[in-house]
Amino acid sequence: MHGGDLIDISYFPGCSLATSAKESNISLMESSKILGLNLIELEDWNCCGSSSASCLDKELAFALGARDLSLAPAGRPLMAMCPRCLHHLRHAQLRLREEPETRRALERRWGRPISPDLEIIHFMEALVRMGPERLKGGQVRSLNGLKFLPYYGCTLFRPPALRRQKYFQAEMGTVLTTLGGQELTKALIYRCCGSFLSAARADVVTPLVNEIMESAVATGAECLVTACAMCQLNLEIRCTWEPKIPIFHFSEILALALGAQDYEGWFDRHLVDPRPLLLARGLIT
Amino acid sequence: MSAIGKVSGSGASRPAIIINEQDRHFAAEVERLSGANLSWCYQCRTCANGCPFVRAMDYPPNSVIRLIQLGLRQRALECHTIWICVACHTCSSQCPMVIDIAAIMDALRRLALEEGAMIAEANILDFHREVLHSIKNYGRAHKLGIMLRYKARVRQWFADLDVGLRMLAKRKLDLKASRVNALSEITRLFIPHWKRK
């Protein structure tokens with residue numbers, strides 16, 4: 001366990017983690033607690049607008065993101081796990097910084113101050129800031145050389161407007177290697193998972209997902225680990241390629257190494273059961 | 001009117017561009033809406049080579065830029081590419097001129113909707129509309145509601161039924177929507193400013 005005080009951080013779960021990927025949310029909360037982060041859910045948060053708002057109505061996408069930022073208390077960073085939510089929130093903040101008059105209009109409308117300097121970070125950044133000692137200190141189980149493929153999808157790609165900002169999602173490999181995993185990378189780890197096309201054009205997504213999974217298995221990976229709940233879902237539901245290998249949320253593997261006990265409930269929600277692999281590796285009993 | 005005609009003559013007919021049907025202001029309009037500078041594009045095709053979805057597109061991203069430069073408004077607004085693009089930003093991350101290609105697609109979708117252009121991928125638009133409907137009603141995306149309404153809209157109840165049932169069995173689709181308390185703040189964002197009280 002960590003020594004010292006808990007660090008307060010505002011937490012934006014987003015729609016996926018709050019519903020279809022609850023296992024990601026729960027394991028994230030557990031890991032954070034063990035590492036000494038006190039995640040305080042953003043009071044009355046709304047959807048960041050997702051791809052649909054930015055596809056159809058930029059103004060709406062901006063306003064949805066801005067409302068979330070107006071709810072964040074000053075003095076502590078706002079953290080997101082979903083890479084897309086992070087992206088939309090940072091995009092909204094960029095405009096609030098560039099247009100003080102728009103920011104003031106929204107402040108008047110909602111009767112709340114919006115801090116243009118609010119720090120918006122990804123969970124991975126919080127981990128990197130704490131350093132490997134904190135991780136090592138909290139470690140209960142070694143990952144026993146679990147051969148994992150960190151799957152980043154499009155999480156590291158961003159529009160030119162956001163290219164100067166810092167992104168830490170790529171630390172997945174480093175963190176899990178520190179905890180005893182064996183990282184493999186020679187596969188399609190930066191290939192987009194298909195995003196919303198999975199709902200309306202599954203015929204386009206299935207071949208893409210199959211290519212990703214085939215390349216993963218070819219490297220000898222036993223599982224994929226992803227930072228994005230939508231990637232996790234798309235890779236699971238759209239893969240028709242055999243053999244299927246488990247796809248974890250990053251926080252699940254992290255929580256497992258940090259000694260979390262209630263994993264039964266998370267793995268039960270996976271479409272590809274990861275328990276045989278974890279049993280064989282001696283990571284669960 | 002399409003700006004593409006046919007060159008008649010011997011052999012197979014080739015599409016030709018009729019100069020006087022080009023929209024000379026189209027490129028400036030897209031540049032203004034997207035903030036991207038189209039003259040930076042030198043057709044190196046890096047975007048097309050990197051795009052994971054290019055196989056499902058009728059024009060690769062660089063060709064869409066070319067259509068805009070040539071003023072072929074209808075071709076650009078009615079193409080599949082602008083709806084297939086999911087804004088994964090693989091292209092703009094790899095573009096040597098750092099052109100925000102996803103923003104160009106956003107601008108084209110907006111113009112297509114405003115002008116009532118033929119929507120090449122009606123199902124994708126329907127899906128987006130259902131997501132926004134859910135956000136308007138709950139402040140959050142309720143996946144089960146979105147999928148049910150989407151299925152009703154496109155009348156494809158049995159497509160993907162197995163996936164839906166497996167997701168339900170794994171409790172990935174909540175029956176009840178998670179909602180925002182201050183819902184009036186959300187619904188107000190969906191009302192044009194001159195209608196708001």
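To find a chain, count down the sequence lines: A is the first, B the second, and so on, and within it residues start at 1.
Of the listed residues (A:Cys48, A:Cys193, A:Cys55, A:Ser195), the one with the most heavy-atom contacts under 4.5 Å to chain B is A:Cys55. Between chain A and the options B:Val86, B:Val131, B:Asn123, heavy-atom pairs under 4.5 Å are most frequent for B:Val86. The candidate from B:Val154, B:Asp160, B:Leu183, B:Leu173 with the greatest count of non-hydrogen atom pairs under 4.5 Å with chain A is B:Asp160. Among the candidates B:Arg110, B:Glu121, B:Met147, the residue making the largest number of heavy-atom pairs closer than 4.5 Å to chain A is B:Glu121. Comparing A:Cys154, A:Ser51, A:Gly49, A:Ser50 by how many heavy-atom pairs each has under 4.5 Å with chain B, the most go to A:Cys154. The candidate with the highest count of non-hydrogen atom pairs below 4.5 Å against chain A, out of B:Gly139, B:Ala182, B:Cys88, B:Ser92, is B:Cys88. Chain B forms more heavy-atom pairs under 4.5 Å with one residue of A:Ala161, A:Cys15, A:Ala63 than with any other, namely A:Cys15. Ranked by heavy-atom pairs under 4.5 Å with chain B, the first of A:Glu211, A:Arg201, A:Glu236 is A:Arg201. Ranked by heavy-atom pairs under 4.5 Å with chain B, the first of A:Ala202, A:Pro207, A:Gly194 is A:Gly194.
Using a 4.5 Å cut-off on side-chain heavy atoms (C-beta onward), B:Ile186 and A:Leu64 make contact. With contacts defined as side-chain heavy-atom distances shorter than 4.5 Å, the pair A:Arg163/B:Ser93 does not qualify. B:Ile135 has its side chain out of reach of A:Asn46: every pair of non-hydrogen atoms, C-beta onward, lies at least 4.5 Å apart.
More than 12 heavy atoms of other shown residues, nucleotides or ligands fall within 6.0 angstrom of atom CH2 in B:Trp157. With a 6.0 Å radius and a threshold of 12 heavy atoms from other residues, nucleotides or ligands, A:Lys244 has its NZ atom above the threshold. Shown here is A:Glu43, whose CD atom has no more than 12 heavy atoms of other residues, nucleotides or ligands within 6.0 Å.
Neither the backbone nor the side chain of B:Gln156 comes within less than 4.5 Å of any heavy atom of chain A. Of the atoms belonging to B:Cys85, it is backbone heavy atoms, and not side-chain ones, that fall under 4.5 Å from chain A. Heavy atoms closer than 4.5 Å to chain A are found nowhere in B:Ala102, neither backbone nor side chain. Using a 4.5 Å cut-off between heavy atoms, B:Val163 touches chain A through its side chain atoms alone. Residue B:Tyr150 touches chain A through its side chain alone, counting heavy-atom pairs closer than 4.5 Å. With a 4.5 Å cut-off on non-hydrogen atoms, A:Ser54 touches chain B through its backbone but not through its side chain.
A salt bridge links A:Arg112 with B:Glu185; the closest basic N to acidic carboxylate O contact falls under 4.0 Å.
For B:Asp100 (side chain) and A:Pro159 (main-chain N/O), no donor-acceptor pair under 3.5 Å exists by modelled atom type.
Taking the six-membered ring for Trp and thresholds of 30 and 60 degrees, B:His128 and A:Phe196 have ring planes more than 60 degrees apart, a perpendicular arrangement.
Here the CD1 atom belonging to A:Ile237 is positioned 9.0 Å from the NZ atom belonging to B:Lys172, to the nearest 0.5 angstrom. To the nearest 0.5 Å, atom CZ of residue A:Phe157 and atom CD of residue B:Gln94 are 5.5 Å apart. To the nearest 0.5 Å, atoms CG (B:Asp174) and OG1 (A:Thr19) are separated by 5.5 Å. Taking NZ from B:Lys170 and CG from A:Leu233, the interatomic distance works out to 13.0 Å, rounded to the nearest 0.5 Å. A distance of 7.5 Å separates OG in A:Ser52 from CD1 in B:Ile146, rounded to the nearest 0.5 Å.
For residues 20-29 of chain A, a heavy-atom distance under 4.5 Å to chain B picks out A:Ser20, A:Lys22, A:Glu23, given by residue number. Residues of residues 267-276 of chain A having a heavy atom under 4.5 Å from any heavy atom of chain B, listed by number: A:Asp268, A:Arg269, A:His270, A:Leu271. Residue-level contacts of residues 44-60 of chain B with chain A, in order of numbering, are B:Pro52, B:Phe53, B:Arg55, B:Ala56; threshold 4.5 Å between heavy atoms. Contacts from residues 80-95 of chain A to chain B, taken as heavy-atom pairs separated by less than 4.5 Å, involve A:Arg84, A:His87 in sequence order.
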Legend entry - Stepwise side chain to side chain contact (heavy atoms under 4.5 Å, CB included) check, A:Arg109 with B:Leu189: CA-CA 11 Å; A:Arg109 183 196 294 181; B:Leu189 302 178; 3.1 Å; yes
